[in-house]
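Throughout, protein chains are lettered first and strands after them, A, B, ... in sequence-line order, and every chain is numbered starting at 1. Computed from a prediction, not measured in an experiment: that's the story for all the values here.
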Amino acid sequence: MGFQYARALLDAATDAVIVIDHRGIIETANAATERLFGYSPAELVGRNVSLLMPPGERERHDGYIHRYLETGITRVIGHGREVEAQRSDGSRFPAGLSVGRINGTDPPRFVGFVRDLTGYQQTLAALEADRDRAREREAEAHRSQARLLAVSRMATMGEMAAGIAHEINQPLTAISNYARACQRFAANQPPDMEDLQDCLNGIADETQRAAEIIRELRNLVRSQLEDRSARDLNDIVRQTRPLILADARVHQTAVHFDTSAELPQVSVEAVQIQQLLLNLTRNALEAVETRADGRREIRIATSQTSEGDVELSVMDNGPGVDPKVEQEMFEPFVSTKPSGTGLGLSISRTIAQNHGGELLVRPGDSGGACFALRLPPCTEACP
Amino acid sequence: MSAKQPTVFVVDDDSGVRSSIRILLKSVGINTTVFASAKEFLAAYDPSQPGCMVLDIRMPGMSGMELQLELNRLGAVIPVVFITGHGDVPMAVEAMQQGAFDFLQKPFRDQDLIHRIQKALERDAAHRSALRQTEAIKARLESLTPREREVLELLADGKQNKVMAGELGLSQRTVEIHRSNVMDKMQARSVAQLVRMLLDVRATGS
(Lines give C-alpha, C1' and ligand atoms only; values in the text may rest on other atoms or scores of the structure.)
Protein backbone atom coordinates (compact mmCIF):
# COMPACT_ATOMS: atom_id res chain seq x y z
CA MET A 1 0.00 0.00 0.00
CA GLY A 2 1.64 3.21 -1.14
CA PHE A 3 2.00 6.28 0.99
CA GLN A 4 -0.30 8.31 -1.25
CA TYR A 5 -2.96 5.69 -0.94
CA ALA A 6 -2.65 5.51 2.85
CA ARG A 7 -2.72 9.31 3.11
CA ALA A 8 -5.93 9.49 1.07
CA LEU A 9 -7.55 6.91 3.31
CA LEU A 10 -6.54 8.83 6.42
CA ASP A 11 -7.75 12.16 5.07
CA ALA A 12 -11.09 10.70 4.01
CA ALA A 13 -11.81 9.63 7.58
CA THR A 14 -14.20 11.86 9.56
CA ASP A 15 -12.39 11.02 12.78
CA ALA A 16 -9.04 12.59 13.63
CA VAL A 17 -6.27 10.00 13.21
CA ILE A 18 -3.00 10.78 14.97
CA VAL A 19 0.15 8.68 15.20
CA ILE A 20 2.56 9.35 18.08
CA ASP A 21 5.83 7.81 19.19
CA HIS A 22 6.84 6.46 22.59
CA ARG A 23 7.41 10.01 23.92
CA GLY A 24 4.04 11.29 22.82
CA ILE A 25 5.44 13.22 19.89
CA ILE A 26 3.06 13.50 16.94
CA GLU A 27 4.39 11.90 13.77
CA THR A 28 1.30 12.02 11.57
CA ALA A 29 -2.08 13.75 11.75
CA ASN A 30 -4.85 13.51 9.12
CA ALA A 31 -7.07 16.23 7.64
CA ALA A 32 -9.90 15.60 10.11
CA THR A 33 -7.50 16.52 12.92
CA GLU A 34 -7.43 20.05 11.61
CA ARG A 35 -11.24 20.19 11.41
CA LEU A 36 -11.59 18.98 14.96
CA PHE A 37 -8.73 20.81 16.66
CA GLY A 38 -7.97 23.82 14.44
CA TYR A 39 -4.26 22.93 14.07
CA SER A 40 -2.87 22.07 10.61
CA PRO A 41 -1.00 18.74 10.32
CA ALA A 42 2.18 20.72 9.77
CA GLU A 43 1.67 22.58 13.05
CA LEU A 44 1.15 19.33 14.91
CA VAL A 45 3.90 17.07 13.64
CA GLY A 46 6.79 17.14 16.12
CA ARG A 47 4.64 18.51 18.97
CA ASN A 48 3.61 16.50 22.02
CA VAL A 49 0.09 15.15 21.63
CA SER A 50 -0.76 16.51 25.10
CA LEU A 51 -1.23 19.82 23.29
CA LEU A 52 -4.69 18.54 22.31
CA MET A 53 -5.70 17.94 25.92
CA PRO A 54 -7.01 20.33 28.50
CA PRO A 55 -4.70 21.33 31.39
CA GLY A 56 -4.80 18.67 34.10
CA GLU A 57 -4.81 15.78 31.66
CA ARG A 58 -2.02 17.35 29.64
CA GLU A 59 0.55 17.08 32.45
CA ARG A 60 -0.26 13.45 33.13
CA HIS A 61 -0.14 12.10 29.58
CA ASP A 62 3.63 11.47 29.35
CA GLY A 63 3.32 9.47 32.59
CA TYR A 64 0.59 7.26 31.09
CA ILE A 65 2.77 6.28 28.11
CA HIS A 66 5.73 5.71 30.38
CA ARG A 67 3.74 3.54 32.74
CA TYR A 68 2.34 1.50 29.87
CA LEU A 69 5.75 0.86 28.45
CA GLU A 70 7.14 -0.09 31.90
CA THR A 71 4.25 -2.26 33.17
CA GLY A 72 1.95 -3.08 30.23
CA ILE A 73 -1.00 -1.66 32.21
CA THR A 74 -3.26 0.17 29.83
CA ARG A 75 -5.60 3.02 30.61
CA VAL A 76 -6.93 3.65 27.18
CA ILE A 77 -5.32 1.22 24.76
CA GLY A 78 -7.76 -1.39 23.57
CA HIS A 79 -10.82 0.27 25.17
CA GLY A 80 -12.56 3.33 23.84
CA ARG A 81 -12.95 6.19 26.28
CA GLU A 82 -14.84 9.41 26.46
CA VAL A 83 -12.47 12.29 27.13
CA GLU A 84 -12.34 16.06 26.94
CA ALA A 85 -10.30 17.52 24.11
CA GLN A 86 -9.00 21.08 23.61
CA ARG A 87 -8.96 23.01 20.35
CA SER A 88 -6.25 25.44 19.24
CA ASP A 89 -8.43 28.34 20.44
CA GLY A 90 -8.62 26.82 23.94
CA SER A 91 -12.26 25.74 23.66
CA ARG A 92 -13.11 22.16 24.62
CA PHE A 93 -15.31 19.44 23.24
CA PRO A 94 -16.32 15.95 24.28
CA ALA A 95 -14.44 13.33 22.32
CA GLY A 96 -14.52 9.61 21.84
CA LEU A 97 -10.94 8.32 21.92
CA SER A 98 -9.61 4.91 20.97
CA VAL A 99 -5.91 4.10 20.89
CA GLY A 100 -4.02 1.15 19.52
CA ARG A 101 -0.38 0.16 19.60
CA ILE A 102 1.23 -0.18 16.19
CA ASN A 103 2.98 -3.50 16.33
CA GLY A 104 6.49 -4.12 15.08
CA THR A 105 7.83 -0.58 15.25
CA ASP A 106 10.84 0.61 17.19
CA PRO A 107 10.51 2.85 19.08
CA PRO A 108 6.88 1.84 19.84
CA ARG A 109 4.24 3.89 18.13
CA PHE A 110 0.58 4.44 18.87
CA VAL A 111 -2.34 5.47 16.71
CA GLY A 112 -5.26 7.42 18.18
CA PHE A 113 -8.72 7.95 16.71
CA VAL A 114 -10.64 10.95 17.99
CA ARG A 115 -14.32 11.54 17.26
CA ASP A 116 -16.16 14.76 18.11
CA LEU A 117 -19.09 13.76 20.29
CA THR A 118 -20.62 17.26 20.57
CA GLY A 119 -23.53 16.58 18.22
CA TYR A 120 -23.98 13.10 19.53
CA GLN A 121 -24.15 14.29 23.11
CA GLN A 122 -26.54 17.10 22.27
CA THR A 123 -28.81 14.64 20.53
CA LEU A 124 -28.50 12.29 23.44
CA ALA A 125 -29.31 15.07 25.92
CA ALA A 126 -32.28 16.18 23.81
CA LEU A 127 -33.53 12.60 23.62
CA GLU A 128 -33.14 12.19 27.34
CA ALA A 129 -34.96 15.44 28.00
CA ASP A 130 -37.75 14.27 25.68
CA ARG A 131 -37.93 10.99 27.46
CA ASP A 132 -38.00 12.70 30.86
CA ARG A 133 -40.78 14.99 29.70
CA ALA A 134 -42.76 12.06 28.34
CA ARG A 135 -42.21 10.21 31.61
CA GLU A 136 -43.33 13.25 33.56
CA ARG A 137 -46.42 13.64 31.37
CA GLU A 138 -47.22 9.99 31.84
CA ALA A 139 -46.71 10.24 35.59
CA GLU A 140 -48.88 13.35 35.70
CA ALA A 141 -51.61 11.60 33.71
CA HIS A 142 -51.33 8.69 36.09
CA ARG A 143 -51.55 11.00 39.10
CA SER A 144 -54.52 12.83 37.58
CA GLN A 145 -56.28 9.58 37.00
CA ALA A 146 -55.51 8.41 40.52
CA ARG A 147 -56.88 11.72 41.85
CA LEU A 148 -60.00 11.37 39.70
CA LEU A 149 -60.51 7.84 40.94
CA ALA A 150 -60.02 8.99 44.53
CA VAL A 151 -62.42 11.91 44.09
CA SER A 152 -64.95 9.62 42.49
CA ARG A 153 -64.56 7.18 45.37
CA MET A 154 -65.21 10.01 47.80
CA ALA A 155 -68.30 10.96 45.80
CA THR A 156 -69.49 7.36 45.94
CA MET A 157 -68.89 7.37 49.70
CA GLY A 158 -70.94 10.56 49.88
CA GLU A 159 -73.81 8.93 48.05
CA MET A 160 -73.50 5.97 50.36
CA ALA A 161 -73.34 8.12 53.50
CA ALA A 162 -76.90 7.33 54.58
CA GLY A 163 -76.25 3.62 54.28
CA ILE A 164 -72.92 3.84 56.04
CA ALA A 165 -74.34 5.89 58.92
CA HIS A 166 -77.12 3.36 59.22
CA GLU A 167 -74.71 0.46 59.10
CA ILE A 168 -72.66 1.91 61.94
CA ASN A 169 -75.81 2.73 63.89
CA GLN A 170 -76.87 -0.93 63.78
CA PRO A 171 -74.02 -2.30 65.89
CA LEU A 172 -74.16 0.80 68.13
CA THR A 173 -77.83 0.13 68.79
CA ALA A 174 -77.13 -3.50 69.57
CA ILE A 175 -74.15 -2.67 71.81
CA SER A 176 -76.21 -0.15 73.74
CA ASN A 177 -79.02 -2.69 74.22
CA TYR A 178 -76.61 -5.39 75.38
CA ALA A 179 -74.90 -3.03 77.82
CA ARG A 180 -78.19 -1.95 79.42
CA ALA A 181 -79.32 -5.55 79.69
CA CYS A 182 -75.95 -6.36 81.32
CA GLN A 183 -76.54 -3.74 83.98
CA ARG A 184 -79.85 -5.34 84.91
CA PHE A 185 -78.60 -8.93 84.83
CA ALA A 186 -75.61 -7.91 86.98
CA ALA A 187 -77.87 -6.15 89.50
CA ASN A 188 -79.92 -9.30 90.09
CA GLN A 189 -79.17 -11.37 93.21
CA PRO A 190 -77.55 -13.69 92.31
CA PRO A 191 -76.43 -12.19 88.95
CA ASP A 192 -77.63 -14.07 85.83
CA MET A 193 -74.25 -15.25 84.67
CA GLU A 194 -75.44 -16.99 81.52
CA ASP A 195 -77.36 -13.95 80.29
CA LEU A 196 -74.42 -11.74 81.19
CA GLN A 197 -72.15 -13.94 79.07
CA ASP A 198 -74.58 -13.71 76.14
CA CYS A 199 -74.64 -9.92 76.39
CA LEU A 200 -70.87 -9.62 76.58
CA ASN A 201 -70.42 -11.92 73.59
CA GLY A 202 -72.93 -9.79 71.73
CA ILE A 203 -71.06 -6.60 72.59
CA ALA A 204 -67.76 -8.08 71.40
CA ASP A 205 -69.30 -9.27 68.11
CA GLU A 206 -71.02 -5.99 67.38
CA THR A 207 -67.87 -4.00 68.13
CA GLN A 208 -66.01 -6.12 65.59
CA ARG A 209 -68.72 -5.47 63.07
CA ALA A 210 -68.56 -1.69 63.47
CA ALA A 211 -64.76 -1.82 63.27
CA GLU A 212 -64.95 -3.82 60.06
CA ILE A 213 -67.13 -1.25 58.36
CA ILE A 214 -64.85 1.56 59.41
CA ARG A 215 -61.78 -0.36 58.23
CA GLU A 216 -63.29 -0.90 54.77
CA LEU A 217 -64.24 2.75 54.56
CA ARG A 218 -60.71 3.84 55.42
CA ASN A 219 -59.35 1.50 52.77
CA LEU A 220 -61.52 3.07 50.16
CA VAL A 221 -60.96 6.72 50.95
CA ARG A 222 -57.18 6.63 51.12
CA SER A 223 -56.00 8.15 47.90
CA GLN A 224 -52.41 7.04 47.49
CA LEU A 225 -51.52 4.70 44.69
CA GLU A 226 -50.97 1.12 45.48
CA ASP A 227 -49.23 -1.56 43.53
CA ARG A 228 -50.96 -4.27 41.64
CA SER A 229 -50.86 -7.65 43.18
CA ALA A 230 -52.18 -11.09 42.38
CA ARG A 231 -55.57 -11.31 44.06
CA ASP A 232 -58.61 -13.56 44.23
CA LEU A 233 -61.67 -11.56 43.09
CA ASN A 234 -63.74 -13.43 45.69
CA ASP A 235 -61.63 -11.86 48.46
CA ILE A 236 -62.26 -8.41 47.05
CA VAL A 237 -66.00 -9.12 46.90
CA ARG A 238 -65.89 -10.34 50.49
CA GLN A 239 -64.11 -7.19 51.64
CA THR A 240 -66.57 -4.92 49.89
CA ARG A 241 -69.58 -6.84 51.21
CA PRO A 242 -70.22 -4.76 54.36
CA LEU A 243 -70.37 -1.55 52.33
CA ILE A 244 -72.59 -3.12 49.70
CA LEU A 245 -74.97 -4.42 52.36
CA ALA A 246 -75.04 -0.98 54.01
CA ASP A 247 -76.08 0.63 50.76
CA ALA A 248 -78.55 -2.15 49.93
CA ARG A 249 -80.29 -1.82 53.27
CA VAL A 250 -81.10 1.83 52.66
CA HIS A 251 -82.47 0.83 49.27
CA GLN A 252 -84.40 -2.03 50.89
CA THR A 253 -82.91 -4.42 48.44
CA ALA A 254 -81.89 -8.03 48.92
CA VAL A 255 -78.34 -8.82 47.76
CA HIS A 256 -77.34 -12.35 46.80
CA PHE A 257 -73.69 -13.30 46.61
CA ASP A 258 -72.95 -16.07 44.21
CA THR A 259 -69.20 -16.55 44.22
CA SER A 260 -67.44 -19.29 42.32
CA ALA A 261 -65.60 -21.71 44.57
CA GLU A 262 -62.30 -21.46 42.75
CA LEU A 263 -61.00 -18.66 40.60
CA PRO A 264 -57.61 -18.07 39.07
CA GLN A 265 -55.92 -14.99 40.50
CA VAL A 266 -55.91 -11.68 38.68
CA SER A 267 -53.37 -8.88 38.80
CA VAL A 268 -55.24 -5.87 40.17
CA GLU A 269 -55.12 -2.77 42.27
CA ALA A 270 -57.69 -4.01 44.75
CA VAL A 271 -59.09 -0.62 45.74
CA GLN A 272 -59.94 0.13 42.10
CA ILE A 273 -61.81 -3.12 41.70
CA GLN A 274 -63.70 -2.37 44.91
CA GLN A 275 -64.57 1.02 43.49
CA LEU A 276 -65.80 -0.52 40.25
CA LEU A 277 -67.89 -3.03 42.20
CA LEU A 278 -69.43 -0.28 44.35
CA ASN A 279 -70.21 1.80 41.24
CA LEU A 280 -71.97 -1.13 39.60
CA THR A 281 -73.82 -1.98 42.81
CA ARG A 282 -75.00 1.61 43.28
CA ASN A 283 -76.32 1.65 39.72
CA ALA A 284 -78.11 -1.64 40.31
CA LEU A 285 -79.64 -0.41 43.57
CA GLU A 286 -80.95 2.68 41.82
CA ALA A 287 -82.27 0.61 38.93
CA VAL A 288 -84.36 -1.68 41.14
CA GLU A 289 -85.90 1.27 43.00
CA THR A 290 -88.49 1.61 40.25
CA ARG A 291 -89.89 -1.87 40.92
CA ALA A 292 -93.42 -1.33 42.14
CA ASP A 293 -93.81 -4.77 43.75
CA GLY A 294 -90.93 -4.13 46.17
CA ARG A 295 -89.14 -7.35 45.18
CA ARG A 296 -85.86 -5.54 44.68
CA GLU A 297 -82.97 -7.92 44.18
CA ILE A 298 -79.42 -7.78 42.96
CA ARG A 299 -77.01 -10.62 42.43
CA ILE A 300 -73.23 -10.31 42.62
CA ALA A 301 -71.43 -13.23 41.05
CA THR A 302 -67.93 -14.36 40.17
CA SER A 303 -67.10 -17.02 37.64
CA GLN A 304 -64.64 -18.10 35.00
CA THR A 305 -65.72 -17.74 31.38
CA SER A 306 -65.26 -20.44 28.79
CA GLU A 307 -62.36 -18.37 27.37
CA GLY A 308 -60.67 -18.56 30.77
CA ASP A 309 -61.26 -14.93 31.79
CA VAL A 310 -62.30 -14.15 35.35
CA GLU A 311 -65.70 -12.45 35.51
CA LEU A 312 -67.30 -10.34 38.21
CA SER A 313 -70.92 -9.46 37.45
CA VAL A 314 -73.64 -7.38 39.05
CA MET A 315 -77.17 -8.24 37.93
CA ASP A 316 -80.37 -6.47 38.90
CA ASN A 317 -84.08 -7.06 38.37
CA GLY A 318 -84.77 -3.44 37.41
CA PRO A 319 -86.13 -2.18 34.08
CA GLY A 320 -82.95 -3.08 32.12
CA VAL A 321 -80.85 -0.88 29.87
CA ASP A 322 -82.47 1.06 27.05
CA PRO A 323 -80.62 -0.08 23.89
CA LYS A 324 -80.58 3.55 22.75
CA VAL A 325 -78.26 4.59 25.57
CA GLU A 326 -76.31 1.37 25.78
CA GLN A 327 -73.31 2.71 23.88
CA GLU A 328 -73.16 6.26 25.15
CA MET A 329 -73.73 5.46 28.80
CA PHE A 330 -70.05 4.57 29.14
CA GLU A 331 -69.08 8.10 28.02
CA PRO A 332 -68.14 10.53 30.79
CA PHE A 333 -70.86 12.93 31.95
CA VAL A 334 -73.64 10.90 30.34
CA SER A 335 -76.20 9.86 32.91
CA THR A 336 -79.75 8.60 32.72
CA LYS A 337 -80.28 9.44 36.37
CA PRO A 338 -81.53 12.86 37.43
CA SER A 339 -78.76 13.31 40.00
CA GLY A 340 -76.07 11.21 38.33
CA THR A 341 -72.62 12.66 37.66
CA GLY A 342 -72.22 10.40 34.66
CA LEU A 343 -68.81 9.34 35.89
CA GLY A 344 -69.54 5.95 37.47
CA LEU A 345 -69.64 3.82 34.35
CA SER A 346 -66.97 5.75 32.48
CA ILE A 347 -64.58 5.41 35.43
CA SER A 348 -65.51 1.76 35.82
CA ARG A 349 -64.70 1.11 32.18
CA THR A 350 -61.39 2.98 32.56
CA ILE A 351 -60.55 0.80 35.56
CA ALA A 352 -61.38 -2.32 33.57
CA GLN A 353 -59.20 -1.21 30.66
CA ASN A 354 -56.33 -0.18 32.98
CA HIS A 355 -56.30 -3.76 34.12
CA GLY A 356 -56.24 -5.17 30.61
CA GLY A 357 -59.86 -6.22 30.88
CA GLU A 358 -63.26 -5.01 29.71
CA LEU A 359 -66.60 -3.93 31.13
CA LEU A 360 -69.63 -5.39 29.37
CA VAL A 361 -73.36 -4.95 29.66
CA ARG A 362 -75.91 -7.60 28.76
CA PRO A 363 -79.52 -8.34 29.67
CA GLY A 364 -79.89 -9.97 33.08
CA ASP A 365 -81.72 -13.25 33.70
CA SER A 366 -84.70 -11.54 35.34
CA GLY A 367 -85.29 -8.74 32.84
CA GLY A 368 -82.86 -6.27 34.38
CA ALA A 369 -79.33 -5.38 33.43
CA CYS A 370 -76.12 -7.30 34.03
CA PHE A 371 -72.78 -5.50 34.06
CA ALA A 372 -69.72 -7.70 33.95
CA LEU A 373 -66.03 -7.04 34.48
CA ARG A 374 -63.79 -9.48 32.66
CA LEU A 375 -60.12 -9.74 33.53
CA PRO A 376 -57.40 -11.94 32.10
CA PRO A 377 -56.17 -14.46 34.67
CA CYS A 378 -52.68 -14.08 36.11
CA THR A 379 -49.84 -15.56 34.11
CA GLU A 380 -46.63 -16.73 35.75
CA ALA A 381 -45.24 -13.23 35.33
CA CYS A 382 -47.99 -11.74 37.51
CA PRO A 383 -46.70 -9.53 40.30
CA MET B 1 -107.55 -16.91 74.49
CA SER B 2 -107.27 -14.43 77.32
CA ALA B 3 -104.87 -16.75 79.15
CA LYS B 4 -102.10 -16.08 76.58
CA GLN B 5 -99.06 -14.17 77.86
CA PRO B 6 -98.57 -10.81 76.10
CA THR B 7 -95.57 -11.13 73.78
CA VAL B 8 -93.43 -8.59 71.97
CA PHE B 9 -92.83 -9.60 68.36
CA VAL B 10 -89.57 -8.17 67.05
CA VAL B 11 -89.14 -8.16 63.27
CA ASP B 12 -85.69 -6.98 62.18
CA ASP B 13 -83.45 -8.39 59.48
CA ASP B 14 -80.35 -7.41 61.46
CA SER B 15 -79.49 -10.31 63.72
CA GLY B 16 -77.41 -8.15 66.10
CA VAL B 17 -80.18 -5.64 66.68
CA ARG B 18 -82.77 -8.40 66.89
CA SER B 19 -80.91 -10.46 69.49
CA SER B 20 -79.96 -7.41 71.55
CA ILE B 21 -83.60 -6.28 71.75
CA ARG B 22 -84.66 -9.77 72.77
CA ILE B 23 -82.13 -9.90 75.59
CA LEU B 24 -82.84 -6.31 76.64
CA LEU B 25 -86.54 -7.11 77.00
CA LYS B 26 -85.69 -10.34 78.77
CA SER B 27 -83.75 -8.27 81.34
CA VAL B 28 -86.99 -6.48 82.23
CA GLY B 29 -89.06 -9.65 82.15
CA ILE B 30 -90.90 -9.05 78.88
CA ASN B 31 -91.71 -12.09 76.74
CA THR B 32 -90.20 -11.69 73.27
CA THR B 33 -90.24 -13.61 70.02
CA VAL B 34 -87.96 -12.51 67.18
CA PHE B 35 -88.32 -12.83 63.41
CA ALA B 36 -85.76 -12.13 60.70
CA SER B 37 -88.30 -11.06 58.10
CA ALA B 38 -91.86 -9.89 57.59
CA LYS B 39 -92.60 -13.11 55.77
CA GLU B 40 -91.40 -15.20 58.69
CA PHE B 41 -93.63 -13.20 61.04
CA LEU B 42 -96.72 -13.48 58.85
CA ALA B 43 -96.28 -17.24 58.65
CA ALA B 44 -96.45 -17.45 62.44
CA TYR B 45 -98.96 -14.65 62.98
CA ASP B 46 -101.85 -15.43 65.35
CA PRO B 47 -104.39 -12.57 65.65
CA SER B 48 -105.58 -13.85 69.02
CA GLN B 49 -102.11 -13.53 70.54
CA PRO B 50 -101.96 -10.39 72.70
CA GLY B 51 -98.83 -8.25 72.58
CA CYS B 52 -97.22 -5.62 70.41
CA MET B 53 -94.76 -5.41 67.56
CA VAL B 54 -91.34 -3.84 67.24
CA LEU B 55 -90.72 -3.43 63.56
CA ASP B 56 -87.67 -2.27 61.60
CA ILE B 57 -88.93 0.18 59.01
CA ARG B 58 -86.32 -0.75 56.41
CA MET B 59 -85.89 -4.36 55.47
CA PRO B 60 -85.08 -6.06 52.21
CA GLY B 61 -87.97 -8.04 50.77
CA MET B 62 -91.12 -6.88 52.55
CA SER B 63 -90.33 -3.67 54.44
CA GLY B 64 -91.73 -2.77 57.84
CA MET B 65 -94.11 -0.34 56.20
CA GLU B 66 -95.37 -3.00 53.82
CA LEU B 67 -95.89 -5.41 56.71
CA GLN B 68 -97.93 -2.76 58.53
CA LEU B 69 -100.16 -2.31 55.47
CA GLU B 70 -100.58 -6.07 55.25
CA LEU B 71 -101.57 -6.24 58.94
CA ASN B 72 -104.06 -3.40 58.39
CA ARG B 73 -105.51 -5.37 55.50
CA LEU B 74 -105.86 -8.41 57.79
CA GLY B 75 -107.74 -6.24 60.30
CA ALA B 76 -105.05 -6.74 62.93
CA VAL B 77 -105.27 -4.71 66.11
CA ILE B 78 -101.74 -5.31 67.39
CA PRO B 79 -99.93 -1.99 68.10
CA VAL B 80 -96.74 -1.44 66.09
CA VAL B 81 -93.67 0.42 67.37
CA PHE B 82 -91.37 1.25 64.46
CA ILE B 83 -87.62 1.44 64.71
CA THR B 84 -86.15 3.80 62.17
CA GLY B 85 -82.68 4.78 61.12
CA HIS B 86 -81.32 8.26 60.87
CA GLY B 87 -83.06 10.24 58.13
CA ASP B 88 -86.10 8.00 58.00
CA VAL B 89 -88.38 10.60 59.58
CA PRO B 90 -90.59 11.06 56.48
CA MET B 91 -91.15 7.32 56.43
CA ALA B 92 -91.94 7.33 60.16
CA VAL B 93 -94.51 10.07 59.61
CA GLU B 94 -96.15 7.97 56.92
CA ALA B 95 -96.15 4.96 59.24
CA MET B 96 -97.87 7.02 61.96
CA GLN B 97 -100.51 8.08 59.43
CA GLN B 98 -101.07 4.41 58.65
CA GLY B 99 -101.88 3.82 62.31
CA ALA B 100 -98.51 2.99 63.85
CA PHE B 101 -98.49 3.26 67.64
CA ASP B 102 -95.13 5.00 67.90
CA PHE B 103 -91.63 5.12 66.48
CA LEU B 104 -88.07 5.26 67.76
CA GLN B 105 -84.89 6.36 66.05
CA LYS B 106 -81.78 4.21 66.22
CA PRO B 107 -79.75 4.21 68.34
CA PHE B 108 -82.31 4.62 71.10
CA ARG B 109 -82.15 4.65 74.88
CA ASP B 110 -83.25 1.35 76.39
CA GLN B 111 -85.74 3.14 78.65
CA ASP B 112 -87.40 4.78 75.64
CA LEU B 113 -87.91 1.42 73.97
CA ILE B 114 -89.10 -0.30 77.14
CA HIS B 115 -91.45 2.57 77.95
CA ARG B 116 -92.99 2.57 74.48
CA ILE B 117 -93.36 -1.19 74.54
CA GLN B 118 -95.09 -1.05 77.91
CA LYS B 119 -97.46 1.61 76.60
CA ALA B 120 -98.14 -0.46 73.51
CA LEU B 121 -98.84 -3.55 75.60
CA GLU B 122 -101.26 -1.53 77.77
CA ARG B 123 -102.97 -0.24 74.66
CA ASP B 124 -103.28 -3.78 73.31
CA ALA B 125 -104.67 -5.09 76.61
CA ALA B 126 -107.21 -2.25 76.84
CA HIS B 127 -108.17 -2.70 73.22
CA ARG B 128 -108.60 -6.44 73.59
CA SER B 129 -110.64 -6.09 76.79
CA ALA B 130 -112.86 -3.47 75.14
CA LEU B 131 -113.30 -5.80 72.21
CA ARG B 132 -114.22 -8.63 74.53
CA GLN B 133 -116.69 -6.26 76.26
CA THR B 134 -118.28 -5.33 72.96
CA GLU B 135 -118.51 -8.98 71.98
CA ALA B 136 -120.27 -9.69 75.29
CA ILE B 137 -122.73 -6.81 74.82
CA LYS B 138 -123.47 -8.01 71.31
CA ALA B 139 -124.20 -11.48 72.68
CA ARG B 140 -126.56 -10.02 75.25
CA LEU B 141 -128.33 -7.98 72.58
CA GLU B 142 -128.75 -11.17 70.57
CA SER B 143 -130.54 -12.78 73.54
CA LEU B 144 -133.33 -10.12 73.57
CA THR B 145 -136.74 -10.95 72.09
CA PRO B 146 -138.06 -8.67 69.33
CA ARG B 147 -140.43 -7.04 71.80
CA GLU B 148 -137.62 -6.51 74.32
CA ARG B 149 -135.48 -4.82 71.57
CA GLU B 150 -138.35 -2.39 70.90
CA VAL B 151 -138.51 -1.58 74.61
CA LEU B 152 -134.70 -1.16 74.62
CA GLU B 153 -134.76 1.36 71.77
CA LEU B 154 -137.51 3.42 73.46
CA LEU B 155 -135.69 3.23 76.78
CA ALA B 156 -132.55 4.51 75.15
CA ASP B 157 -134.56 7.40 73.72
CA GLY B 158 -135.47 8.31 77.31
CA LYS B 159 -139.18 7.46 76.95
CA GLN B 160 -141.27 6.95 80.13
CA ASN B 161 -143.07 3.60 80.76
CA LYS B 162 -146.44 5.26 80.10
CA VAL B 163 -145.32 6.66 76.74
CA MET B 164 -143.83 3.33 75.73
CA ALA B 165 -147.05 1.52 76.65
CA GLY B 166 -148.95 3.91 74.41
CA GLU B 167 -146.54 3.58 71.46
CA LEU B 168 -146.32 -0.21 71.67
CA GLY B 169 -150.06 -0.69 72.43
CA LEU B 170 -149.23 -2.61 75.62
CA SER B 171 -150.31 -2.22 79.20
CA GLN B 172 -147.99 -0.29 81.43
CA ARG B 173 -147.55 -3.39 83.58
CA THR B 174 -146.38 -5.45 80.60
CA VAL B 175 -143.90 -2.72 79.60
CA GLU B 176 -142.51 -2.79 83.14
CA ILE B 177 -141.93 -6.56 82.90
CA HIS B 178 -140.18 -6.20 79.50
CA ARG B 179 -138.13 -3.35 80.84
CA SER B 180 -136.98 -5.35 83.87
CA ASN B 181 -136.06 -8.30 81.55
CA VAL B 182 -134.03 -5.97 79.28
CA MET B 183 -132.09 -4.56 82.23
CA ASP B 184 -131.44 -8.09 83.56
CA LYS B 185 -130.36 -9.57 80.22
CA MET B 186 -128.15 -6.60 79.40
CA GLN B 187 -126.71 -6.64 82.93
CA ALA B 188 -127.28 -2.90 83.15
CA ARG B 189 -127.61 -1.26 86.52
CA SER B 190 -129.05 1.97 85.14
CA VAL B 191 -130.53 3.37 81.92
CA ALA B 192 -127.39 5.51 81.59
CA GLN B 193 -125.19 2.37 81.59
CA LEU B 194 -127.47 0.76 79.03
CA VAL B 195 -127.15 3.75 76.73
CA ARG B 196 -123.33 3.61 77.12
CA MET B 197 -123.34 -0.08 76.05
CA LEU B 198 -125.39 0.69 72.96
CA LEU B 199 -123.09 3.54 72.03
CA ASP B 200 -120.00 1.28 72.43
CA VAL B 201 -121.46 -1.40 70.18
CA ARG B 202 -122.47 1.12 67.55
CA ALA B 203 -119.10 2.89 67.74
CA THR B 204 -117.33 -0.35 66.69
CA GLY B 205 -119.34 -0.19 63.50
CA SER B 206 -121.46 -3.29 63.78
* Should the heavy atoms of other residues, nucleotides or ligands under 6.0 Å from CE of A:M154 be counted, would the total exceed 12? -> no
* Neighbour count >12 (heavy atoms, 6.0 Å) for atom CZ, A:R362 -> yes
* Can you tell which part of A:V250 gets under 4.5 Å to a heavy atom of chain B, answering side chain, backbone, both or neither? => both
* **Residue A:S176 versus chain B: region with a heavy atom under 4.5 Å** => side chain
* Which portion of B:I57 sits near chain A, non-hydrogen atoms under 4.5 angstrom -> backbone
* Asked: Got a donor-acceptor contact below 3.5 angstrom from the B:E40 side chain to the B:A36 backbone?
  -> yes
* **For chain B, the option from A:R249, A:E297, A:Q183 that forms the most heavy-atom pairs under 4.5 Å** => A:R249
* In plain terms, say whether A:E206 and B:R18 are close enough for a salt bridge, that is, a side-chain N and a carboxylate O under 4.0 Å apart. => no
* Among the options B:I21, B:D13, B:D12, pick out the one with the most heavy-atom pairs lying under 4.5 Å from chain A. => B:D13
* NZ or CZ of B:R123 within 45° of B:F101 ring axis and under 6.0 Å -> no
